[in-house]
Protein chains: 6
Amino acid sequence: MATAYIIRRAVFSAAHRLHSEQLSDEQNRELYGKCDNPYGHGHNYTLEVTVQGEINPTTGMIINLADLKAIIEQQLLKHMDHRHLNHEVPFLKDVVPTTENLAVACWQQLQAAMPAGLLYEVKIYETENNYAVYRGE
Amino acid sequence: MATAYIIRRAVFSAAHRLHSEQLSDEQNRELYGKCDNPYGHGHNYTLEVTVQGEINPTTGMIINLADLKAIIEQQLLKHMDHRHLNHEVPFLKDVVPTTENLAVACWQQLQAAMPAGLLYEVKIYETENNYAVYRGE
Amino acid sequence: MATAYIIRRAVFSAAHRLHSEQLSDEQNRELYGKCDNPYGHGHNYTLEVTVQGEINPTTGMIINLADLKAIIEQQLLKHMDHRHLNHEVPFLKDVVPTTENLAVACWQQLQAAMPAGLLYEVKIYETENNYAVYRGE
Amino acid sequence: MATAYIIRRAVFSAAHRLHSEQLSDEQNRELYGKCDNPYGHGHNYTLEVTVQGEINPTTGMIINLADLKAIIEQQLLKHMDHRHLNHEVPFLKDVVPTTENLAVACWQQLQAAMPAGLLYEVKIYETENNYAVYRGE
Amino acid sequence: MATAYIIRRAVFSAAHRLHSEQLSDEQNRELYGKCDNPYGHGHNYTLEVTVQGEINPTTGMIINLADLKAIIEQQLLKHMDHRHLNHEVPFLKDVVPTTENLAVACWQQLQAAMPAGLLYEVKIYETENNYAVYRGE
Amino acid sequence: MATAYIIRRAVFSAAHRLHSEQLSDEQNRELYGKCDNPYGHGHNYTLEVTVQGEINPTTGMIINLADLKAIIEQQLLKHMDHRHLNHEVPFLKDVVPTTENLAVACWQQLQAAMPAGLLYEVKIYETENNYAVYRGE
């Protein structure tokens, strides 16, 4: 039996501000630069969720992509799309919304809704020039 | 002498909210849907600025791309990149920041800094699925 | 009042075969090459629909993108997505589904559902290497 | 001596239908939805083949990309490009052509034509929103 | 009868240096900056060639894409791909290889091999951030 | 504490020629084909540099992307952008500039300027059809 990976891409648009409550205003400005701008800015985020597992010989699937799409919609997009990540997303409360932290938070949200051992990787692009990857390590 | 077009792409990240002061809250919600969300959301905007003109036979250029890049930086990116378009951009005050309106406003900003007759088109992508074009008409 | 353009992208997957009933089998093979293969092949088609018009000063819109998306869905995607273009699409009956002909047929389908004068251009990509444009001329 | 990875991309267009002979018509429809449509649909598939190995200090290559291109052409594109994957591809007979299964089948076809230990990964995109990866596990 | 546009994309890799014989070394350096670097640098150029015409009702084509591909290959790629544009391309002799000038030169090369009135536009991308367009004006 | 990956993309344009001093002219021509063309050709190279590490709970970062960007600029782009890789880059002297060798050389340049254990992967695209990856193995 073959073990493979299936990846689903999703896109959402959100506002955010990089600002750590554990740092002074000056430290924030120095560390995050224009990303600390008080009114916030935003991105078209691109998510890629990788599921790893055996291919079912009857269906030819690791997981039904329709199910994976629904989990991503329910666990992530419903909460994050067209939202301000600092103010409206319960699972991002107390998290500085860097790309790294978003990858971890998205992983945890997906993990909670998937059979154990299936989720392999969350990749999230903030811009065409930077993205983060988390594999539950 | 040949007349051609030269295009420069630029990218910026900004937050915005679609909300018209001339409409009631209910009308805004109905018209703009999730784009009216009060905290705002955001995008990686992609601009394409087209300049039309004769190619200088000595330089092989319509306009020096370094100059065009500087004009885009000075007139647009400096004001819009990593900003909230509803709250921080003087030339967008009293403008609902739809993609169409952004195209017109960017055109006007560029026009003010360029020799007459050079600017041909402003294209602005809000997402991979929608964009607007303005040609000064 | 400003006249601008707003563009909506949509994607669909379909099978097709290039084969003209007005040509012999040999002529078809010579003209269309591997695109005439009897079982058909397929593409991820990308559509870009351009609407031209005045920007409404209250809403900042030429047309509500949600409405444009619904028209594209109703007039095109519902009939073409995950279909075989030679066998299942009423408005493509008796049409060789070249990219040029698809652009014209999509234009006619959209035109029938939109206020006069709004539709400006239909662009349809068959692959990353070729696409067609139709403007109702 | 350095061990690295070299990746070659290739594109092909094909039709397919998701339908398992081990399931009833109703089960097929429920499982695969519109992908089970009898006439089939199609995609522009994008392949990425990764070869892993030591870089030859004389040539600077792991494998000559011209050779890798020829192997991909001979083992995959010649059989799959502009074909219907359910009806015309010997090595896909009795395989439901899901993206996962295509990744495995492509791996096996490539493996048969390459020196042992070189092939590292086959990635295949069905659309811009989903792709599969197989590493021979 | 419908008039439409069909576009073919092609890619080639070439070296070039921006340096005008009509300017002093100092003027060249000031005008072209790092693009004047004596050893030259290079790009993956992307061409898009647009043909405009009536769609043949029998074939569904404006021009056979196989023919257009062959013309692009014969008139452009054969001379420019994997070449140094300043030293090896007869039709670029005495031309500063700016993107604007390349668009004009490619137009002329294509025009010489195509029936009158078919060629509509040549677009050439030098990088993801700048490209030029020429329409024979 | 979570271990994740952060990736920074950068683009540069350079000329190169594939030619090994350890091979005869005829062997070079046979091995590298048109890539051995004496005047050289060029590419828009795309780099992706991956850093692996623990996410700092105060900042939400593995490494400040502004710092990573500066290291890439200082160690790579300053030397390679708008250069001829065979003639002007000290750390590529005596290296055949294949994509594999460029990946290794870029890794070594970055490694020399980064805290131990952070650098995870260098990916470098020569064209849209081929790229190489090096992980320090």
Side-chain angles (χ1 to χ4, degrees), chain E residues 8-19 25 28-48 73-74 76-93 95-99 102 123-132, chain F residues 8-19 25 28-48 73-74 76-93 95-99 102 123-132:
Chain E
R8 177 80 195 168
R9 191 179 81 109
V11 178
F12 65 95
S13 296
H16 79 153
R17 179 198 183 189
L18 298 188
H19 187 85
D25 281 5
N28 269 295
R29 233 171 354 250
E30 195 181 329
L31 182 65
Y32 298 116
K34 60 187 177 181
C35 300
D36 179 45
N37 163 22
Y39 285 99
H41 59 286
H43 301 287
N44 301 322
Y45 288 96
T46 300
L47 267 171
E48 290 190 4
E73 176 62 36
Q74 188 63 27
L76 300 178
L77 303 193
K78 198 180 89 176
H79 306 285
M80 301 169 88
D81 188 29
H82 282 74
R83 297 288 169 187
H84 194 302
L85 303 182
N86 300 58
H87 302 309
E88 300 180 274
V89 185
F91 61 84
L92 293 177
K93 201 166 133 45
V95 172
V96 185
T98 58
T99 320
L102 293 181
K123 189 182 281 186
I124 180 163
Y125 290 79
E126 189 183 75
T127 69
E128 64 184 14
N129 288 329
N130 51 277
Y131 60 100
Chain F
R8 177 79 194 168
R9 190 181 81 109
V11 178
F12 66 95
S13 296
H16 79 152
R17 178 197 184 190
L18 298 190
H19 187 85
D25 281 4
N28 269 296
R29 236 175 348 255
E30 194 182 330
L31 182 66
Y32 298 118
K34 60 188 178 180
C35 300
D36 179 45
N37 163 21
Y39 285 99
H41 59 285
H43 301 287
N44 300 322
Y45 288 97
T46 300
L47 265 171
E48 289 189 4
E73 176 62 37
Q74 189 61 30
L76 300 178
L77 303 193
K78 199 179 88 177
H79 307 284
M80 300 170 90
D81 188 29
H82 283 74
R83 297 289 169 186
H84 194 302
L85 303 181
N86 300 58
H87 302 309
E88 302 180 275
V89 184
F91 60 84
L92 294 177
K93 201 165 132 43
V95 172
V96 185
T98 58
T99 320
L102 293 180
K123 188 183 283 187
I124 180 162
Y125 289 79
E126 188 184 74
T127 69
E128 63 185 12
N129 289 328
N130 51 277
Y131 60 99

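In what follows, chains carry the letters A, B, and so on, assigned in the order in which the sequence lines appear, proteins first and then strands, with residues in each chain numbered from 1.
- Interface check for chain F: of the options E:His84, E:Glu128, E:His43, the most heavy-atom pairs under 4.5 Å are formed by E:His43.
- The shortest heavy-atom contact between E:Asp81 and F:Lys34 is OD2-NZ, 2.8 Å.
- In plain terms, the two heavy atoms of F:Gly42 and E:Asn44 that are nearest each other are O-OD1, 3.8 Å.
- At most 12 heavy atoms of other shown residues, nucleotides or ligands fall within 6.0 angstrom of atom CD in E:Glu30.
- For chain F, the option among E:His82, E:His87, E:Glu88 with the highest count of heavy-atom pairs below 4.5 Å is E:His82.
- Within 6.0 Å of atom CZ in E:Phe91, more than 12 heavy atoms from other residues, nucleotides or ligands are found, so the atom counts as buried in its surroundings.
- In terms of heavy atoms, E:Gly40 sits closest to F:Ala15 at O-CB, 4.0 Å.
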